[in-house]
Visitor: 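Here it is: the structure, laid out below.
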Amino acid sequence: MIRTEHREKAWKFPFVEYSPSNKTTEKLPLIIQLHGAGERGSGGDDLSLVDVHGFSKIVKDKDYNCMIVMPQCPPNSFWAARVESIVEFIGQIINKFNVDSSKVYLTGLSMGGYGTWYTAMARPDIFAAIAPVCGGGMAWNAGSLTMPVWVFHGSEDETVSPVQSDEMVAAIKKSGGDVTYSRINGVGHAVQEYAYTEELLNWLLDKRKK
């Protein structure tokens with residue numbers, strides 16, 4: 001896929017875009033990936049940070065029929081505090097690019113995992129599926145999640161307790177939601193190495209908003 005950096009001030013966040021090398025007029029599914037706390041930047045001065053973890057490693061040498069967008073959070077903030085801006089940013093992307101609005105997905109790791117939970121709970125109408133990785137949310141509000149959810153967490157995570165994901169998964173199940181849980185035994189906070197695979201990418205792209 002082709003990697004493009006965007007730093008124009010009109011965007012809510014600077015971001016990296018991955019899109020197919022073969023240009024098409026077909027509307028593309030959109031995956032938004034939110035990075036962790038260590039990959040925050042200052043005005044997009046180092047957008048290579050958003051490539052450190054996540055889907056970058058599997059899409060850089062192979063085309064997929066989708067668009068992957070990785071925004072960068074400013075250094076003095078965090079994703080869960082920027083839910084409104086994330087929603088506005090997604091709207092900008094949908095309006096600017098040829099996006100299939102019935103196939104919009106959200107994922108993120110650590111700080112981005114929290115951002116994924118909080119944004120999806122605030123605006124479940126936007127997303128066809130989400131994949132929070134080693135994050136946490138508000139279990140009492142899990143019933144608002146109407147889309148399929150695939151959760152990842154390492155059993156030995158000492159940075160974000162796996163209890164955070166345990167509680168969210170239990171609450172989704174209790175509310176009758178569609179949830180898959182990969183709680184990886186013997187793995188700590190670096191569970192993203194097990195989460196961001198072609199299997200997850202294809203799982204997301206198979207979902208369409210009802």
Side-chain angles (χ1 to χ4, degrees), residues 1-4 15-36 39 50-71 79 86 89-90 93-94 97-110 112-117 119-121 123-135 137 145-155 165 168-169 172-173 177-185 187 189-210:
M1 299 180 81
I2 297 175
R3 181 186 184 279
T4 308
F15 67 98
V16 168
E17 166 208 347
Y18 282 93
S19 56
S21 58
N22 295 322
K23 296 301 180 182
T24 176
T25 58
E26 178 185 359
K27 287 185 177 294
L28 292 174
L30 170 65
I31 298 173
I32 303 289
Q33 179 185 300
L34 306 178
H35 61 72
E39 291 73 59
V50 303
D51 289 308
V52 172
H53 304 296
F55 282 129
S56 298
K57 295 177 181 179
I58 68 169
V59 303
K60 63 181 181 179
D61 297 321
K62 183 178 178 180
D63 264 353
Y64 291 87
N65 189 41
C66 66
M67 179 180 179
I68 300 176
V69 167
M70 302 173 179
W79 289 125
I86 293 169
F89 174 74
I90 294 171
I93 297 294
I94 292 172
F97 297 97
N98 199 24
V99 171
D100 182 346
S101 60
S102 71
K103 303 195 76 175
V104 176
Y105 314 98
L106 184 63
T107 185
L109 58 127
S110 194
Y114 282 91
T116 298
W117 283 120
T119 304
M121 286 189 289
R123 290 296 305 273
D125 57 300
I126 296 175
F127 305 107
I130 64 170
V133 179
C134 57
L145 296 168
T146 55
M147 74 294 290
V149 182
W150 191 348
V151 182
F152 293 84
H153 218 122
S155 67
S165 289
M168 290 300 295
V169 170
I172 294 171
K173 287 181 177 178
D178 180 354
V179 62
T180 301
Y181 191 15
S182 293
R183 197 181 197 271
I184 312 297
N185 290 330
V187 174
H189 195 54
V191 73
Q192 73 275 350
E193 301 298 331
Y194 299 83
Y196 288 103
T197 63
E198 191 170 48
E199 182 182 10
L200 175 60
L201 184 64
N202 289 330
W203 179 86
L204 290 168
L205 296 177
D206 187 55
K207 305 296 183 289
R208 182 181 294 275
K209 190 169 62 177
K210 296 178 181 178

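What's counted below: heavy atoms across the whole structure, side chains too, no hydrogens, waters or symmetry copies.
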Visitor: Would you call N185 and V187 a side-chain contact if the rule is heavy atoms closer than 4.5 Å?
Guide: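 Of all side-chain heavy-atom pairs linking V187 with N185, none is under 4.5 Å.
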Visitor: Please report the C-alpha distance between C66 and L28 in whole Å, then the side-chain angles of each, then the deciding distance to 0.1 Å, and finally whether the side-chain contact (heavy atoms from CB on, under 4.5 Å) criterion is met.
Guide: CA-CA 5 Å; C66 66; L28 292 174; 5.6 Å; no
Visitor: Less than 4.5 Å apart, any side-chain heavy atom of L201 and any of I31?
Guide: yes
Visitor: Is the F89 to F15 ring centre distance short of 6.0 Å?
Guide: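 They qualify: ring centres under 6.0 Å apart.
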Visitor: If we ignore hydrogens and angles and just use 3.5 Å, is the side chain of K207 paired with the main-chain N or O of W203 as donor and acceptor?
Guide: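 It does hold such a pair.
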Visitor: Ignoring hydrogens and angles, state whether a donor on the side chain of Y196 or T107 is under 3.5 Å from an acceptor on the partner side chain.
Guide: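 Yes - a donor-acceptor pair under 3.5 Å links their side chains.
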Visitor: Identify the heavy atoms of I94 and V104 that sit nearest to each other, and give their distance.
Guide: CD1-CG2, 4.2 Å
Visitor: P132 and G113: which non-hydrogen atoms are nearest, and at how many Å?
Guide: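 Reported closest heavy-atom pair: CB-O, 4.1 Å.
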Visitor: Search all heavy atoms of V99 against all heavy atoms of M67 and return the closest pair with its distance.
Guide: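 In this case the closest contact between V99 and M67 is CG2-SD, 4.4 Å.
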Visitor: Tell me, with the steps shown, if Y18 and D51 meet side-chain hydrogen bond (donor to acceptor under 3.5 Å, both in side chains).
Guide: CA-CA 11 Å; Y18 282 93; D51 289 308; 2.8 Å; yes
Visitor: Nearest 0.5 Å, please: how far is CD in E198 from CG in L200?
Guide: 11.0 Å
Visitor: For A190, does its backbone N or O pair with a side-chain atom of E193 as donor and acceptor, under 3.5 Å?
Guide: no
Visitor: What distance separates L106 CG from M147 CE, expressed to the nearest 0.5 Å?
Guide: 8.5 Å
Visitor: Ignoring hydrogens and geometry, is there a side-chain-to-backbone donor-acceptor pair from Q33 to H53 under 3.5 Å?
Guide: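 Yes, Q33 side chain to H53 backbone: donor-acceptor pair under 3.5 Å.
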Visitor: Mind checking whether V69 and V16 have side chains closer than 4.5 Å, heavy atoms only?
Guide: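 Heavy-atom side-chain distance check fails, nothing below 4.5 Å.
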Visitor: Looking only at non-hydrogen atoms, find the nearest pair between H189 and C134 and report the distance.
Guide: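 Scanning both residues completely, I find the closest heavy atoms to be CE1-SG, 3.7 Å.
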Visitor: Going through the distances and angles, do D206 and N202 end up as a side-chain contact (heavy atoms from CB on, under 4.5 Å)?
Guide: CA-CA 6 Å; D206 187 55; N202 289 330; over 6 Å; no
Visitor: Let me confirm one number: the NZ-NZ distance from K209 to K103, rounded to the nearest 0.5 Å.
Guide: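 Rounded to the nearest 0.5 Å, the NZ-NZ separation comes to 12.5 Å.
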Visitor: Take a 6.0 Å sphere around OH of Y194 and say whether it holds more than 12 heavy atoms from other residues, nucleotides or ligands.
Guide: no
Visitor: Show your reasoning for whether side-chain contact (heavy atoms from CB on, under 4.5 Å) applies to E26 and N65.
Guide: CA-CA 10 Å; E26 178 185 359; N65 189 41; 3.7 Å; yes
Visitor: Which pair of heavy atoms, one from Y181 and one from S165, lies closest together, and at what distance?
Guide: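 For Y181 and S165, the tightest heavy-atom pair comes out as OH-CB, 3.4 Å.
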Visitor: For M121 and M168, run side-chain contact (heavy atoms from CB on, under 4.5 Å): C-alpha distance rounded to whole Å, both residues' side-chain angles, the deciding distance at 0.1 Å, then the answer.
Guide: CA-CA 11 Å; M121 286 189 289; M168 290 300 295; 4.2 Å; yes
Visitor: Any carboxylate oxygen within less than 4.0 angstrom of a Lys/Arg side-chain nitrogen, looking at R208 and D100?
Guide: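 Here R208 pairs with D100 in a salt bridge, since their nearest N and O are under 4.0 Å apart.
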Visitor: Could you grab the distance from atom NE2 of H153 to atom OG of S182, nearest 0.5 Å is fine?
Guide: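 That separation rounds to 12.5 Å.
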Visitor: Rounded to the nearest 0.5 Å, how far apart are OG1 of T116 and CH2 of W79?
Guide: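 Rounded to the nearest 0.5 Å, the OG1-CH2 separation comes to 10.0 Å.
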Visitor: Are any of the side-chain heavy atoms of L145 and W117 separated by less than 4.5 Å?
Guide: yes
Visitor: Quick one: does V179's side chain get under 4.5 Å of V151's, heavy atoms only?
Guide: yes
Visitor: How far apart are the closest heavy atoms of I130 and A120, and which atoms are they?
Guide: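 Smallest interatomic distance, heavy atoms only, reads CD1-CB, 3.7 Å.
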Visitor: Working to the nearest 0.5 Å, report the span between CD of E17 and CD1 of I68.
Guide: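 Output value for this atom pair is 10.5 Å.
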Visitor: So do T119 and I32 actually touch side chain to side chain, heavy atoms under 4.5 Å?
Guide: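 Contact flag for I32/T119 side chains = no.
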Visitor: For residues P20 and Y64, determine if any side-chain heavy atom of one lies less than 4.5 Å from a side-chain heavy atom of the other.
Guide: no
